[in-house]
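Here is the structure we will look at, set down as structure tokens.
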Protein chains: 4
Amino acid sequence: MPKISDERRAARRTQILEAAWTCFQRRGLHATSMDDIIRAAGLSAGAVYSYFPSKEELILAAVTTSLGNLRALIAPLLAERPLPPPDELVRRIAEVITAYTVHEAYDLRRIALLGWSEAQRNERLRETMRGFYLPFRAVLEEAAAQWRDERVLPEQAATDDVAKLMLSVILGFVVQSAILGDVAPSALADGLRAMLTPQPA
Amino acid sequence: MPKISDERRAARRTQILEAAWTCFQRRGLHATSMDDIIRAAGLSAGAVYSYFPSKEELILAAVTTSLGNLRALIAPLLAERPLPPPDELVRRIAEVITAYTVHEAYDLRRIALLGWSEAQRNERLRETMRGFYLPFRAVLEEAAAQWRDERVLPEQAATDDVAKLMLSVILGFVVQSAILGDVAPSALADGLRAMLTPQPA
Amino acid sequence: MPKISDERRAARRTQILEAAWTCFQRRGLHATSMDDIIRAAGLSAGAVYSYFPSKEELILAAVTTSLGNLRALIAPLLAERPLPPPDELVRRIAEVITAYTVHEAYDLRRIALLGWSEAQRNERLRETMRGFYLPFRAVLEEAAAQWRDERVLPEQAATDDVAKLMLSVILGFVVQSAILGDVAPSALADGLRAMLTPQPA
Amino acid sequence: MPKISDERRAARRTQILEAAWTCFQRRGLHATSMDDIIRAAGLSAGAVYSYFPSKEELILAAVTTSLGNLRALIAPLLAERPLPPPDELVRRIAEVITAYTVHEAYDLRRIALLGWSEAQRNERLRETMRGFYLPFRAVLEEAAAQWRDERVLPEQAATDDVAKLMLSVILGFVVQSAILGDVAPSALADGLRAMLTPQPA
DNA sequence: GATGAATGAGTCTTCATTCAT
DNA sequence: AATGAATGAAGACTCATTCAT
């Protein structure tokens with residue numbers, strides 16, 4: 001038998017991963033059985049196991065891929081120059097997260113919550129996440145420096161603290177909209193702009 | 001054994017709940033077996049089941065109790081008058097969350113992440129959480145109104161949007177400090193204050 | 001504490017037995033838990049166990065008592081003189097079984113089916129039943145002799161075979177009316193009389 | 001292991017069913033654990049569960065199959081023409097029941113008692129049984145009509161009542177021989193013939 | 001005597017993973 | 001390479017029985 005082409009292999013991987021996402025978000029990481037995924041992917045057990053050697057590996061891959069997709073979506077927003085002000089940036093990131101959610105067969109926010117939860121007990125997953133969020137926060141810190149230079153923020157503003165605040169706002173948006181479901185990106189942005197608006201002494 | 005006193009019953013319940021918290025946060029909600037909890041509580045299976053009729057019920061109770069404890073801790077901060085400014089309020093809430101974590105045998109942030117994840121697939125848990133976060137956000141909205149009246153925020157600030165932003169900041173702090181573990185309450189507060197500080201035109 | 005009077009003890013026993021019958025017939029012998037019976041009797045576990053040392057004992061007592069009650073009801077019918085003809089006797093026995101069923105809080109036929117089933121795996125119960133059915137069949141044999149002497153049955157009729165046939169008819173009535181539920185005592189009697197009616201050569 | 005052939009699947013099913021019959025009749029329906037059956041079948045838990053999704057389903061299948069086998073055995077006897085007289089028919093049916101018992105690894109009478117008992121609390125089983133006994137009784141009614149036409153029974157005999165009587169005789173034979181164990185088919189037939197024999201006025 | 005909380009072995013069932021074909 | 005039947009350890013939960021109070 002001829003070896004399967006690399007393309008086909010990659011396509012299969014994606015097919016499995018997408019089946020996994022669908023199941024995970026519907027039933028959660030642990031309540032989803034390998035059989036659920038196998039059936040959703042329309043493959044055999046052996047086939048799935050030839051791509052992912054264990055359920056843990058599949059979970060890790062699913063979360064890593066999600067994170068990667070997210071990064072690809074958000075990176076351009078942070079690279080834009082001139083950099084939009086904080087409220088505008090937050091709005092656009094929130095929009096990207098929401099849009100992703102709607103377009104694809106899975107909800108990025110749900111995957112995020114599942115992943116964070118799982119990261120509590122999975123060292124490798126935790127490391128993967130640190131490898132994503134830490135650089136992301138570093139970029140936010142650069143943005144903060146830019147805002148400070150542009151006098152959007154005060155001169156003495158600690159850029160690392162601003163980055164932490166910004167990351168919290170974004171992560172919190174994910175939680176809040178997943179649990180309460182009524183937070184529009186613009187609401188978040190407007191709330192933040194209210195903070196930024198200078199008051200008359 | 002004759003009828004046990006109400007006190008002892010409550011004590012046993014707490015004993016089981018604490019064992020559950022410990023296990024849950026160590027291994028996660030699903031990877032924790034009832035047997036783990038039973039052994040951690042030092043009781044028999046039957047005894048545990050006479051207090052909580054199922055694992056789901058135990059999970060629900062664990063999360064609900066955590067949420068209740070958290071509410072009891074945060075409520076006074078929001079009731080204080082004069083109301084501290086936004087950055088100060090955020091700092092104190094974050095401190096309470098962090099402190100709770102350290103003192104008790106469980107980490108409130110981990111429990112929160114586990115609970116959010118589980119709420120995706122558990123209707124009752126989701127409702128319990130809505131019943132907690134929605135009123136909490138309503139109180140934050142009152143605080144926003146107060147800040148607006150005190151001219152801490154601009155007159156035209158939408159108080160509901162401010163409340164959503166504030167809730168995001170707090171929830172995001174929980175996630176960020178649970179995953180990255182390097183976010184001091186004061187850092188968050190300082191980041192937020194930077195936003196609030198008026199810039200010279 | 002003064003010893004409980006014998007009367008009270010007997011009343012308690014009956015109370016427990018009746019609770020057991022109710023539960024058994026509703027859920028079956030094995031699906032009924034001791035707790036079901038305990039609650040139905042309105043007593044404590046200890047109390048029930050002071051009357052019946054085990055579930056098996058309780059089952060045995062329940063069946064034995066049922067059988068005893070049945071015997072008390074049927075005995076007079078067989079003692080009547082002149083003895084009614086076979087079809088009439090069958091009708092009256094079937095009526096007694098049906099009536100018992102309706103009046104009391106339990107269905108004698110259901111108890112019978114449960115008991116027969118249980119007797120398969122319970123030596124003592126099987127013996128108890130033999131101790132009931134064997135003498136009963138002996139009495140039927142006496143009846144057969146009487147019928148033969150009265151020329152209701154042919155002279156050469158084997159009375160033991162007739163007794164076996166009669167017992168089958170009665171036991172079969174219990175099964176058929178429990179499972180199909182549409183067999184009136186008179187139908188059974190009429191069916192039997194059709195057999196007995198002499199045909200013109 | 002690739003797809004198993006239909007034959008092998010059917011063979012496995014039978015293998016499990018036979019193991020179940022053996023266990024059920026030895027220990028009863030409820031006292032038999034799935035583990036008993038699994039070991040008796042020489043398979044793994046998963047294998048058994050892939051053929052029967054639950055114990056209830058296995059019980060239902062065991063009883064249904066028994067009933068089906070019984071039907072296959074009895075049908076020819078009722079289809080014979082000329083139709084044997086009632087006593088002869090009963091004898092042959094009783095013989096078939098007894099023979100089945102001896103040849104196979106299970107006792108049809110015991111299975112019947114267990115099934116009747118279980119049918120009390122199992123709606124589906126009850127329906128299955130009605131679906132078996134009602135048509136069987138209908139065929140007996142046809143036989144009764146035939147006997148009436150042949151002047152074996154009186155002209156005014158109610159065929160439905162005769163059918164009920166005949167069914168009772170057969171069901172009662174099952175009970176009596178299972179509990180008392182000393183009823184030969186011929187004894188039953190002879191008892192019935194005694195009834196049928198015309199007496200001189 | 002009575003109570004009912006506690007025990008813990010045993011039940012049914014699931015599911016990640018393997019490997020014979 | 002692919003299949004999917006089979007494995008069997010582990011999980012949630014029940015319940016007859018006991019015994020400290």
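Here is how names work: the chains are called A, B, and so on, in the same order as the sequence lines, proteins then strands, and each is numbered from 1. What you see is a predicted model; the values in this text were computed from it and never measured.
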Checklist entry - Quick one: side-chain hydrogen bond (donor to acceptor under 3.5 Å, both in side chains) partners of Arg26(C), sequence neighbours excluded? => result none

Checklist entry - For Arg12(D), what residues pass the salt bridge (Lys or Arg N to Asp or Glu O under 4.0 Å) criterion, not counting sequence neighbours? => result none

Could you list the residues that satisfy side-chain contact (heavy atoms from CB on, under 4.5 Å) with [X], not counting sequence neighbours?
X         : value
Glu56(D)  : Ser54(D), Asn122(D), Arg124(D)
Thr65(C)  : Leu17(C), Trp21(C), Asn69(C)
Arg9(B)   : Ile4(B), Tyr51(B)
Arg110(D) : Gln120(C), Gln25(D), Asp107(D)

Rounded to the nearest Å, what distance is computed from the [atom1] atom of residue [X] to the [atom2] atom of nucleotide [N]?
X        : N       : atom1 : atom2 : value
Met34(A) : dT18(E) : CE    : P     : 11 Å
Leu58(A) : dA16(E) : CG    : C1'   : 12 Å
His30(A) : dG11(F) : NE2   : P     : 12 Å
Arg27(A) : dT14(E) : CZ    : C1'   : 14 Å
Arg9(D)  : dA5(F)  : CZ    : C1'   : 9 Å
Ile16(B) : dT7(E)  : CD1   : P     : 10 Å
Gln15(B) : dA6(E)  : CD    : C1'   : 13 Å
Glu57(A) : dA16(E) : CD    : P     : 15 Å

Item to check | Any donor-acceptor pair under 3.5 Å from Ser50(D) side chain to Ala47(D) backbone | outcome: yes

Item to check | Main-chain N/O of Ser33(C) paired to Lys55(C) side chain as donor or acceptor, under 3.5 Å | outcome: no

Next on the checklist: If you assign each of Glu56(B) and Glu56(C) to its closest nucleotide in DNA chain F, which residue comes earlier from the 5' end?
Outcome noted: Glu56(B)

Item to check | 5′-ward residue of the pair Arg8(D)/Ser54(C) relative to DNA chain F | outcome: Arg8(D)

Checklist entry - Does OP1 or OP2 of dA5(F) have a side-chain N or O of Arg12(D) closer than 4.0 Å? => result no

Item to check | Nucleotide pairing, DNA chain F (Watson-Crick or G-U, distances under 3.5 Å), in dot-bracket with [ ] and | | outcome: .||||||||||||||||||||

Checklist entry - Looking for any heavy atom pair under 4.0 Å, which part of the strands does Ser5(B) touch: base, sugar-phosphate only, or nothing? => result nothing

Item to check | salt bridge (Lys or Arg N to Asp or Glu O under 4.0 Å) contacts in which one or both residues fall within residues 36-48 of chain A, not counting sequence neighbours | outcome: Arg27(A)-Asp36(A), Asp35(A)-Arg39(A), Asp36(A)-Arg39(A)

Item to check | Ser33(A), nearest nucleotide to its side chain (from dA6(E), dA6(F), dA16(E)) | outcome: dA16(E)

Next on the checklist: Using a 4.0 Å cut-off on heavy atoms, which residues in residues 35-52 of chain D reach DNA chain E? List them by number, or say none.
Outcome noted: Ala45(D), Gly46(D), Tyr49(D)

